[in-house]
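Values below: every heavy atom of this structure, side chains too, minus hydrogens, waters and symmetry copies. Proteins get letters first, then strands, A, B, ... in listed order; numbering begins at 1 in each.
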Amino acid sequence: MTVLPPAWRVGRVTPLGELHTPPRMTAALLRLAVQIVLVASLWHGLYAAAGTTAGLDRDQAVSYAVLAVLASRLREIDQYAARDTVIQHMHFGTIVYWYLRPMPPQRYYALRALGEQLYGLAWSLAGYLVCLAAGVVQPPASAAVAGVFALSMLFGQWVLYYVMLVIDQLCFWTLRNGAALLILIFAQNLLSGVYAPLWFFPDWFITLSSFLPFQATLSVPLSLYVGRIPLSDAAFQLSVQAGWIVVLALFTRFLWRRAARRVISQGG
Amino acid sequence: MTGSIEVRGLSRTFHTTVRRPGFAGALRSLVNPERVAKHAVSDVTFDVAQGELLALLGPNGAGKSTTIKMLTGILTPTSGTARVAGVVPYEERERNARNIGAVFGQRTQLWWDLPVRESFAILRDIYEVPKAEHAARLKEFDELLELSSFWDTRVRHLSLGQRVRCDLAAALLHDPPVVFLDEPTIGMDVVVKEQVREFLRHQVAERGRTVLLTTHDMTEVERLAERVVLINHGRLVLDGALDEIRRRFGSTWQLRATLADPHTEVAGLPGVVVVRREGRQVVFGPEGPGAEALSVHQALKLVIERYELAGIAIDEADLEDVMRAAYAQAEAAL
């Protein structure tokens with residue numbers, strides 16, 4: 001039997017930190033509840049005088065929008081307050097400790113992110129079950145759709161992890177990633193379909209965004225869930241997501257190697 | 001495995017862009033950047049024996065931290081070699097990490113949002129320390145550093161002194177034979193400083209750890225180190241026992257004598273000069289600099305034998321003066 005090395009427990013840092021900070025959990029709960037109510041109300045309002053738009057009926061659109069809000073919770077932990085962002089470690093010079101432990105920085109980062117995403121998943125799942133029970137979100141059309149959605153969501157979060165990692169790695173060169181982060185958050189929300197399903201945008205925009213990794217993070221799994229992408233297209237969409245994972249994995253691996261040479265000059 | 005450190009001809013050069021002054025200069029730097037080489041450490045050679053505490057001293061920007069970063073494996077030298085506990089740190093970073101502990105001034109490696117004990121547990125897992133061993137070591141550190149009164153507090157709520165004590169414990173939890181301390185007591189009050197010094201003395205004397213310490217606090221050097229290495233402008237300028245350095249650079253004593261008779265004529269004595277005189281008060285000092293100068297005790301004997309005095313006081317140079325003299329001589333030699 002394979003036993004995980006004890007270092008996997010690095011993944012507990014985020015959940016532990018959150019549990020020790022109840023006000024942050026209360027704020028997260030309130031924000032999530034308010035966002036879901038507002039988003040559901042908005043899409044109900046938009047569909048009041050319409051039947052099917054952009055290939056989505058009202059229930060599909062509301063489900064998509066609410067699931068997008070729930071999914072955004074997966075990587076929305078307040079790391080800044082916990083002084084555990086790469087930019088803060090660079091600023092305070094504590095990034096050196098990442099290179100002084102018998103664990104490569106990339107593994108430490110990955111375990112931290114994994115713990116964070118699992119913690120976020122617990123929130124999202126709880127929110128999903130409440131929304132499902134309240135009839136805000138429609139259940140998946142079939143077990144096959146549910147399975148493909150789960151796999152696509154996993155791939156989507158994997159892509160998102162690498163996108164966030166690239167932004168964090170930028171700090172090794174720029175010391176500041178605020179502007180890049182703002183652009184990323186806007187691009188991620190717009191191009192992944194958090195603000196509105198991509199199906200509402202013009203064709204040229206959808207074509208353009210297909211060359212970027214963002215729609216692989218959320219738009220693809222959510223479109224599979226609501227049935228806007230049929231199961232027959234799932235294999236192609238999953239392979240595109242897998243392709244992004246491979247490309248970004250190689251790119252971030254290259255950046256980690258280059259970043260190791262920058263630790264001193266920036267984080268000294 | 002021995003905990004010795006061997007440094008041979010270690011050098012590190014950084015390449016930086018020159019920032020020209022003014023708006024036009026900044027524009028020129030942007031369009032046509034000029035790169036210059038900065039030799040942060042040049043040809044530094046020294047050894048630290050197992051169980052020895054060595055103070056690595058030098059002014060700000062002298063190259064101390066760069067040297068430590070090469071020895072911890074964070075930075076690769078431009079030339080030269082280093083071995084720490086038998087490992088080349090920049091070639092085998094992870095293996096080296098198991099042999100060393102490090103504290104960098106006020107920079108904490110603890111997790112800000114977690115109670116200290118949780119941070120210790122995470123480090124235990126990262127270093128794969130058995131639980132019983134971890135508990136025993138924590139108990140030992142608690143006895144020396146009184147950690148248990150605050151180790152259930154979140155790191156963000158600790159005082160500086162409490163946090164540095166926790167960081168020291170965190171750096172030693174995996175029982176490393178070599179410890180690097182880069183200004184560990186900076187900004188701490190005297191009581192906590194003394195507690196930390198006692199802890200370090202214990203780690204060296206009882207546990208046989210090798211410690212490389214950088215500090216600007218000469219009291220710390222006096223209390224902890226028997227040997228110092230002085231670097232300036234990236235070059236090693238002095239490597240010797242503290243007593244020897246005192247002998248070479250510490251003869252900056254002054255004798256403040258009060259004459260019994262204010263009309264006494266005062267002149268210099270062999271090896272002793274009159275620095276100044278104000279009425280009955282006469283200040284004597286050494287005639288020659290450094291090692292050739294008379295010791296304060298020899299001078300005292302001469303002055304007492306020659307003059308009738310109502311009182312006399314000795315001002316001996318403290319270690320700060322000694323180091324200032326050593327820096328000045330090193331500066332002149334460059």
Chemist: With chain A as the partner, which of B:Glu94, B:Arg154, B:Glu128 has the greatest number of non-hydrogen pairs under 4.5 Å?
Modeler: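 Answer, by heavy-atom pair count under 4.5 Å with chain A: B:Glu94.
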Chemist: Check each atom of B:Glu118 against the heavy atoms of chain A and say whether the ones under 4.5 Å are side chain, backbone, both or neither.
Modeler: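 For B:Glu118, the contact with chain A is made by the side chain alone.
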Chemist: Please check if atom CZ in B:Arg8 has more than 12 non-hydrogen atoms from other residues, nucleotides or ligands closer than 6.0 Å.
Modeler: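 Atom CZ in B:Arg8 is crowded, with more than 12 foreign heavy atoms closer than 6.0 Å.
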Chemist: Under the 3.5 angstrom rule, does the side chain of A:Tyr97 hit a backbone N or O of B:Arg107 as a donor-acceptor pair?
Modeler: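 Present.
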Chemist: Between B:Ala97 and A:Pro102, what is the shortest heavy-atom contact and its length?
Modeler: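 Smallest interatomic distance, heavy atoms only, reads CB-N, 3.6 Å.
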Chemist: Supply the atom-to-atom distance A:His20 NE2 to B:Trp111 CH2, rounded to the nearest 0.5 angstrom.
Modeler: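 If we round to the nearest 0.5 Å, A:His20:NE2 and B:Trp111:CH2 are 14.0 Å apart.
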Chemist: With A:Arg101 as reference, evaluate B:Arg98, B:Gln109, B:Arg93, B:His174 under the side-chain contact (heavy atoms from CB on, under 4.5 Å) test and give the passing residue.
Modeler: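 Single side-chain contact (heavy atoms from CB on, under 4.5 Å) partner of A:Arg101 among B:Arg98, B:Gln109, B:Arg93, B:His174: B:Gln109.
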Chemist: Counting only heavy atoms not in A:Trp158, do more than 12 sit closer than 6.0 Å to its CH2 atom?
Modeler: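 Count not over threshold, so no.
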Chemist: Using side-chain heavy atoms (C-beta onward) and a distance below 4.5 Å, is A:Arg24 in contact with B:Asp113?
Modeler: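 Yes. Closest side-chain heavy atoms under 4.5 Å.
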Chemist: Between B:Ile126 and chain A, which part of the residue has a heavy atom less than 4.5 Å away: side chain, backbone, both or neither?
Modeler: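 Both parts, backbone and side chain.
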Chemist: Taking it one step at a time, do B:Ile74 and A:Leu100 satisfy side-chain contact (heavy atoms from CB on, under 4.5 Å)?
Modeler: CA-CA 7 Å; B:Ile74 300 170; A:Leu100 285 177; 3.9 Å; yes
